Undergrad: 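Below is one structure. I have some questions about it.
Computed from a predicted model, the values in this text were never measured in an experiment.
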Amino acid sequence: MAKRDSKGNPITGKGEHFTKLIRATMETPAWRALPPIAQALYPWLRLEWRGPDANNNGKLRLSVRQAAIRMGVSRDTAARAFHELQAKGFIVMTERACLGIEGAAKSPAFEITELPLPHGGGREGRKLFKDWRPGQDFPVMRAGANNPEGRNGKAKPCHENQDGTVINIMTKGKGAS
């Protein structure tokens with residue numbers, strides 16, 4: 001018996017996965033101000049969206065490394081593309097990247113402002129990019145250091161600021177009087 005999806009339709013294997021770019025979005029000043037690499041990243045983020053029925057907007061995960069591999073660019077270039085999309089209002093970071101249990105990493109989660117949120121109730125997204133003006137970029141959330149406190153959550157030792165008495169113990173070696 002063939003496997004069926006949640007609606008009872010037979011699953012015939014992997015079908016084509018596609019996304020659309022809206023002309024009205026591409027004609028905004030914010031889109032025109034994006035560098036080409038950020039314009040190339042945007043469809044890859046849209047491909048992470050599961051559609052209106054299984055709406056996962058706000059929880060879209062695509063790491064900088066994954067984006068760099070998909071676009072054939074360096075990680076620094078992919079990171080700049082993410083920053084540009086945030087600055088122009090096309091995406092908003094909803095959750096920072098983190099190391100999960102046993103070191104399993106989670107990439108940051110994003111909302112595509114063009115698409116509706118699952119709990120929003122409406123059919124339209126916030127479309128922050130429409131409010132963008134030259135010189136008035138939106139705030140960009142930057143990824144923090146993975147382990148700012150040191151190894152395994154322990155603070156790194158800072159010898160110059162330690163309080164307490166320092167005792168030097170000297171021993172007599174051979175030939176010392």
Side-chain angles (χ1 to χ4, degrees), residues 3 5-6 11 13-22 25-26 30-31 33-121 124-129 131-132 137-161:
K3 291 185 179 182
D5 65 10
S6 61
I11 298 173
K14 274 196 161 181
E16 290 293 320
H17 189 73
F18 61 91
T19 189
K20 62 182 177 180
L21 295 177
I22 310 297
T25 300
M26 296 172 65
W31 182 265
L34 284 174
I37 195 66
Q39 291 177 351
L41 173 61
Y42 190 69
W44 286 108
L45 279 167
R46 291 270 317 227
L47 283 169
E48 296 299 313
W49 186 52
R50 294 189 193 128
D53 294 334
N55 194 344
N56 63 332
N57 194 18
K59 296 179 182 177
L60 304 171
R61 294 193 184 275
L62 183 66
S63 73
V64 170
R65 287 182 187 190
Q66 290 169 329
I69 290 168
R70 289 177 186 181
M71 294 188 300
V73 297
S74 72
R75 288 181 298 203
D76 289 341
T77 302
R80 279 194 302 275
F82 275 103
H83 290 175
E84 286 293 329
L85 286 172
Q86 286 183 70
K88 304 299 187 275
F90 287 96
I91 63 173
V92 173
M93 187 184 297
T94 57
E95 196 178 315
R96 291 182 180 265
C98 66
L99 289 175
I101 298 172
E102 298 179 11
K106 287 175 82 175
S107 59
F110 294 99
E111 167 199 349
I112 296 177
T113 63
E114 184 178 23
L115 303 172
L117 289 168
H119 51 75
E124 295 250 339
R126 298 188 295 161
K127 299 184 180 181
L128 298 176
F129 54 88
D131 296 329
W132 178 85
D137 284 354
F138 290 95
V140 174
M141 284 183 66
R142 298 190 184 270
N146 282 338
N147 196 0
E149 298 298 319
R151 185 175 173 176
N152 296 329
K154 298 176 185 170
K156 292 181 181 178
C158 185
H159 298 292
E160 65 270 3
N161 294 329

Undergrad: Just do the side chain to side chain contact (heavy atoms under 4.5 Å, CB included) check on Thr19 and Trp49 with the steps written out, would you?
TA: CA-CA 9 Å; Thr19 189; Trp49 186 52; 5.9 Å; no

Undergrad: When rounded to the nearest 0.5 angstrom, what distance separates CD1 in Ile112 from CD in Glu48?
TA: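 Rounded to the nearest 0.5 Å, the CD1-CD separation comes out at 9.0 Å.
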
Undergrad: Does Lys127 have more than 12 heavy atoms from other residues, nucleotides or ligands lying within 6.0 Å of its NZ?
TA: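 Yes.
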
Undergrad: Looking at every non-hydrogen atom in both residues, tell me the closest pair between Met141 and Arg96 and how far apart they are.
TA: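 Closest heavy-atom pair between Met141 and Arg96: CE-NE, 3.6 Å.
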
Undergrad: Looking at CG of Asn55 and CZ of Arg50, how far apart are the two atoms once the value is rounded to the nearest 0.5 Å?
TA: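 If I round to the nearest 0.5 Å, the distance is 10.0 Å.
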
Undergrad: Indicate the atoms forming the closest heavy-atom contact of Pro108 with Ala97, along with that distance.
TA: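 Nearest pair, atom of Pro108 first, then Ala97: CD-CB, 3.6 Å.
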
Undergrad: Would you say the side chain of Ile22 lies within less than 4.5 Å of the side chain of Glu114, judging by non-hydrogen atoms?
TA: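 The answer is yes; the side chains approach within 4.5 Å.
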
Undergrad: A side-chain contact here means heavy atoms from C-beta on lying under 4.5 Å apart; do Ile69 and Gln66 qualify?
TA: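 Side chain of Ile69 against side chain of Gln66, heavy atoms only: no contact under 4.5 Å found.
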
Undergrad: Nearest 0.5 Å, please: how far is CZ in Phe110 from CZ in Phe90?
TA: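 The distance works out to 15.0 Å.
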
Undergrad: Yes or no on side chain to side chain contact (heavy atoms under 4.5 Å, CB included) for Leu62 and Phe82, after CA distance, side-chain angles and deciding distance?
TA: CA-CA 10 Å; Leu62 183 66; Phe82 275 103; 4.3 Å; yes

Undergrad: How far apart are the C-alpha atoms of Trp31 and Met26, what are their side-chain angles, what is the distance that settles it, and do they pass the side chain to side chain contact (heavy atoms under 4.5 Å, CB included) test?
TA: CA-CA 5 Å; Trp31 182 265; Met26 296 172 65; 3.9 Å; yes

Undergrad: To the nearest 0.5 Å, tell me how far Gln86 CD sits from Asp137 CG.
TA: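 Output value for this atom pair is 11.0 Å.
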
Undergrad: If you look at every heavy atom in Pro118 and Asn57, which pair is closest and at what distance?
TA: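 Reported closest heavy-atom pair: CD-O, 3.2 Å.
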
Undergrad: Please check this pair: side chain of Thr94 against backbone of Glu111, looking for a donor-acceptor N/O pair closer than 3.5 Å.
TA: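 The answer is no, because no donor-acceptor pair under 3.5 Å joins these two groups.
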
Undergrad: Nearest 0.5 Å, please: how far is CG in Leu47 from CG in Leu60?
TA: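 These two atoms lie 10.5 Å from each other.
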
Undergrad: Side chain of Arg126, backbone of Thr113: donor and acceptor closer than 3.5 Å?
TA: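 Not confirmed, Arg126 side chain does not pair with Thr113 backbone.
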
Undergrad: Can you tell me how far NZ of Lys59 sits from CD of Glu95, rounded to the nearest 0.5 angstrom?
TA: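 Going from CD on Glu95 over to NZ on Lys59, the span is 8.5 Å.
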
Undergrad: State, with a plain yes or no, whether a side-chain heavy atom of Glu84 is found less than 4.5 Å away from one of Leu41.
TA: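 A side-chain contact under 4.5 Å is absent here.
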
Undergrad: Show the numbers, then the answer: is there a side chain to side chain contact (heavy atoms under 4.5 Å, CB included) between Tyr42 and Leu34?
TA: CA-CA 10 Å; Tyr42 190 69; Leu34 284 174; 5.9 Å; no

Undergrad: Which heavy atom of Val64 sits nearest a heavy atom of Ala78, and at what distance?
TA: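 Reported closest heavy-atom pair: O-CB, 3.7 Å.
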
Undergrad: Residues two or more places apart in sequence or in another chain: which of them pass side chain to side chain donor-acceptor pair (under 3.5 Å) with Asp131?
TA: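 For Asp131 there are no side chain to side chain donor-acceptor pair (under 3.5 Å) partners, ignoring immediate neighbours.
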
